[in-house]
Amino acid sequence: TPENPLGLNVLNLLEINTYFMAGKNSLGPLPPLPTSPVDYAAYLPSFNEENPRKSETENGTGFAFGQQLTIDTGELRFLIFYAQLLIDFGFDVSVLKTDAYCEEVGGTMGLNGWYATGQVYAAIMAAVGIDINLWFVQKKIVILEVGLIAALQAGLPKPTWMRGEVYGYYNVFDGLLTG
């Protein structure tokens, strides 16, 4: 399940989590966007709003699967310098048989009642700086910190809808340039 995926950790650098579910009248809605290692909802505020999917398409018979791949170097150090890289990518897909009626399409949703909903999300975050740790001063000075976080949700066919959001940030020379 999305709450208890099958996981693989390679050298504490690469982590892969995956799940696959199939069932009759037992599959639930897509999971919310992850909060670890990246809290997507914190960066993408429109995904905190009510989910646009119809409740009739969130439970039913069919299958659902998803995967999350994370590369996290942690804080790498060389002399007084540090660097960190985090790359996260994942998706969730649900294909369910539904008899939900849609006024916009004038009939049953989906293709012969089969309706797919899904989401894809990705983040890349990097930082480089100086870590001064002397007995009289302890300070981390950011040289460059950048990040890009994005997510897209969709449902299809009949009706087809999509929503997405992208967020980016940068910090140069400990706040001299930020945005």
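Just so it is clear, the model here is predicted, and its values are computed rather than measured. Each residue takes its place number in the sequence, starting with 1.
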Side chains of Asp92 and Gln119: any donor to acceptor distance under 3.5 Å? yes
Test side chain to side chain contact (heavy atoms under 4.5 Å, CB included) on Glu165 and Tyr167 and set out the steps. CA-CA 7 Å; Glu165 192 170 353; Tyr167 176 84; 5.9 Å; no
Validation: residues 169-179 side-chain donor-acceptor distances under 3.5 Å, sequence neighbours left out:
unit_1	atom_1	unit_2	atom_2	d
Tyr170	OH	Thr178	O	3.3
Asn171	OD1	Gly175	N	2.7

Using side chain to side chain contact (heavy atoms under 4.5 Å, CB included), reason through Ile71 and Leu86 one step at a time and then give a plain yes or no. CA-CA 6 Å; Ile71 298 172; Leu86 171 72; over 6 Å; no
Hydrophobic cluster identity match, Leu69 and Leu148, side-chain contacts under 4.5 Å: yes
Stepwise side chain to side chain contact (heavy atoms under 4.5 Å, CB included) test for Lys158 and Leu111: CA-CA 7 Å; Lys158 294 182 11 187; Leu111 186 61; over 6 Å; no
Would you mind listing the cluster partners of Leu156? Hydrophobic ones only (ILVMFWY), side-chain contacts under 4.5 Å, chaining allowed. none
Starting at CD of Gln84, measure out to CD of Glu145 and round the result to the nearest 0.5 Å. 9.0 Å
Can you get from Ile87 to Val166 by hopping between Ile, Leu, Val, Met, Phe, Trp and Tyr side chains that sit under 4.5 Å apart? yes
Only distances under 3.5 Å count here; give the side-chain donor-acceptor pairs of residues 133-141 to other protein atoms, sequence neighbours excluded, each with its distance to 0.1 Å.
unit_1	atom_1	unit_2	atom_2	d
Asn133	OD1	Gln138	NE2	2.7
Lys140	NZ	Glu75	OE1	2.5
Lys140	NZ	Glu75	OE2	3.4

Could I get the full list of side-chain contact (heavy atoms from CB on, under 4.5 Å) partners for Gln67, not counting sequence neighbours? Ile16, Thr18, Phe91
Please answer: with hydrophobic residues joined when any side-chain heavy atoms are less than 4.5 Å apart, are Tyr82 and Ile124 in the same cluster? no
Within the side chain of Lys97, is there an N or O that forms a donor-acceptor pair under 3.5 Å with the backbone of Asn112? yes
Qualifying side chain to side chain donor-acceptor pair (under 3.5 Å) pairs, either residue in residues 30-42, two or more places apart: Tyr40-Asp88
Starting from Tyr19, can I reach Phe89 by hopping between I/L/V/M/F/W/Y residues whose side chains sit under 4.5 Å apart? no
How does the hydrophobic cluster around Leu6 look, that is, which other residues are in it when side-chain heavy atoms under 4.5 Å mark a link? none
Step-by-step side chain to side chain contact (heavy atoms under 4.5 Å, CB included) determination, Val128 to Phe81: CA-CA 7 Å; Val128 176; Phe81 299 98; 5.7 Å; no
Point-to-point distance, once rounded to the nearest 0.5 Å, from OG1 of Thr70 to CG of Leu13: 10.5 Å
